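Presented below is the structure to which this report refers.
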Amino acid sequence: MKNSAQPALKFPVYLDNHATTPLDPRVLDAMLPYFTSKFGNAASHSHQFGWETSAAVEKARSQIASLIGASPAEIVFTSGATESDNLAIKGTAEAHRQNGNHIITAATEHKAVLDSCRALERHGFKISCLPVNSDGFIDLNQLRNAITSETILVTIMAANNEIGVLQPVEEIAAICRERGVLFHSDAVQALGRIPFDVRKIGMDLASLTAHKCYGPKGVGALYVRSGVKPAPIIDGGGHERGMRSGTLNVPGIVGFGRACEIAQQELAEESIRIATLRDRLRDHLLAELDGLAINGSTERRLPGNLNISFSSVDGETLMTAVREMAVSSGSACSSDKVDHSHVLKSLGLSDEQAGSSLRFGIGRFNTEAEIEYVAARVVEAVKSLRELSHQAAV
Ligand SMILES: *Cc1c(COP(=O)(O)O)cnc(C)c1O
């Protein structure tokens with residue numbers, strides 16, 4: 001009776017919105033003409049084909065800038081946030097080499113940040129990697145103490161992609177400003193999910209990507225505050241004010257712009273709806289199952305994120321048992337060895353606890369019916385897996 005008016009669920013239910021988000025159909029609509037009739041090179045200044053795509057790129061630049069409180073001239077298009085992180089970190093290191101050789105980051109950063117820092121270490125830079133507490137936060141006093149006269153850059157993410165924890169970026173920015181150090185933030189997971197204003201926060205550089213906010217894959221941006229100029233890591237025709245050469249991905253950029261415009265209009269309502277779904281999933285699981293632990297702060301985190309350790313149940317096994325949902329686990333198997341999440345490990349979790357964790361990432365297109373279904377199936381599967389392992393032990 002109750003469900004008669006509801007459409008049937010489609011499986012698997014997509015709950016991996018921190019890995020990527022589906023393309024919003026409105027974004028696709030905006031992009032389509034730029035795959036067909038509007039194919040001009042945005043750098044062609046001598047004819048209509050270039051003028052129309054150049055105008056479309058500038059519109060998108062404004063839409064993205066508007067969402068983050070920047071001015072359009074401060075947006076540099078890239079191929080995605082991995083490139084933006086590389087440009088921000090390696091580009092700043094090169095441009096400011098004469099001022100010092102020290103960079104500060106944190107243990108829970110994305111690999112694009114950590115590995116960019118590691119690459120610089122091989123070129124003589126010194127990297128300080130701040131630990132986090134069991135909630136996932138860096139300690140601001142530790143940050144203050146880590147800054148030396150050699151420090152040129154602090155890179156700390158706005159929102160974590162595994163545990164959704166929001167670092168105190170305003171406080172970090174204030175410390176950096178006071179000490180005359182540039183502040184870069186990987187803001188991928190914050191974009192479109194929580195209010196995020198670079199000017200209010202006081203950031204110098206921020207990495208963004210389209211495919212985590214219902215835009216297309218392969219296009220991103222680096223916010224570069226006016227007056228800051230990282231050295232390019234891709235040289236060529238001098239596009240993007242010399243910071244990133246290469247013919248612009250016009251359809252992608254148009255889609256990124258439209259995705260930001262939608263986010264700006266809908267973020268306030270959407271984040272409440274998504275947080276409600278997340279809380280529902282969390283409450284259902286906590287009510288029906290013992291021995292669960294939520295990873296990361298429950299106070300300051302992204303609305304759609306739930307990262308849970310299911311004690312004595314392996315995450316990969318649980319995912320296999322509930323094939324009707326698409327989520328991520330806290331450990332990945334690569335050929336012969338298991339790779340436990342460096343984020344969960346840095347919170348102090350054991351290998352076993354990390355291995356028993358799942359990340360649920362709820363997004364724009366998830367429904368209450370999906371959440372109810374998944375919650376019930378996970379409860380059922382955890383109970384039966386625990387029962388099996390109990391029998392095996394007896
Ligand atoms: C997805 C992600 C990236 C990488 O972005 P791409 O556009 O896929 O290169 C970087 N940082 C964070 C926090 C992410 O979630």
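Please read all numbers here as calculations on a predicted model, not as lab measurements. Order of appearance sets the numbers: ligands from 1, and atoms from 1 within every ligand.
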Checking the side chain of [X] only, and the main-chain atoms of [Y] only, is there a donor and an acceptor separated by less than 3.5 Å?
X	Y	answer
S329	G315	no
N133	D135	yes
R278	F360	no

Assess the side chains of S207 and D186: does a donor N or O sit below 3.5 Å from an acceptor N or O?
no

Please tell me whether T78 and S84 have a donor and an acceptor in their side chains that are separated by less than 3.5 angstrom.
yes

Check ligand 1 for N or O atoms under 3.5 Å from a protein N or O and list each pair with its distance.
residue: ligand 1; atom: 7 (O); partner: A81; partner atom: N; Å: 2.9
residue: ligand 1; atom: 7 (O); partner: T209; partner atom: OG1; Å: 2.7
residue: ligand 1; atom: 8 (O); partner: H211; partner atom: NE2; Å: 2.8
residue: ligand 1; atom: 9 (O); partner: T82; partner atom: N; Å: 2.9
residue: ligand 1; atom: 9 (O); partner: T82; partner atom: OG1; Å: 2.6
residue: ligand 1; atom: 11 (N); partner: D186; partner atom: OD1; Å: 3.4
residue: ligand 1; atom: 11 (N); partner: D186; partner atom: OD2; Å: 2.6
residue: ligand 1; atom: 15 (O); partner: Q189; partner atom: NE2; Å: 2.7
residue: ligand 1; atom: 15 (O); partner: K212; partner atom: NZ; Å: 2.7

Could you name each residue pair satisfying ring pair (Phe, Tyr, Trp, His ring centres under 6.0 Å) that touches residues 49-69, not counting sequence neighbours?
F39-F49, H47-F49

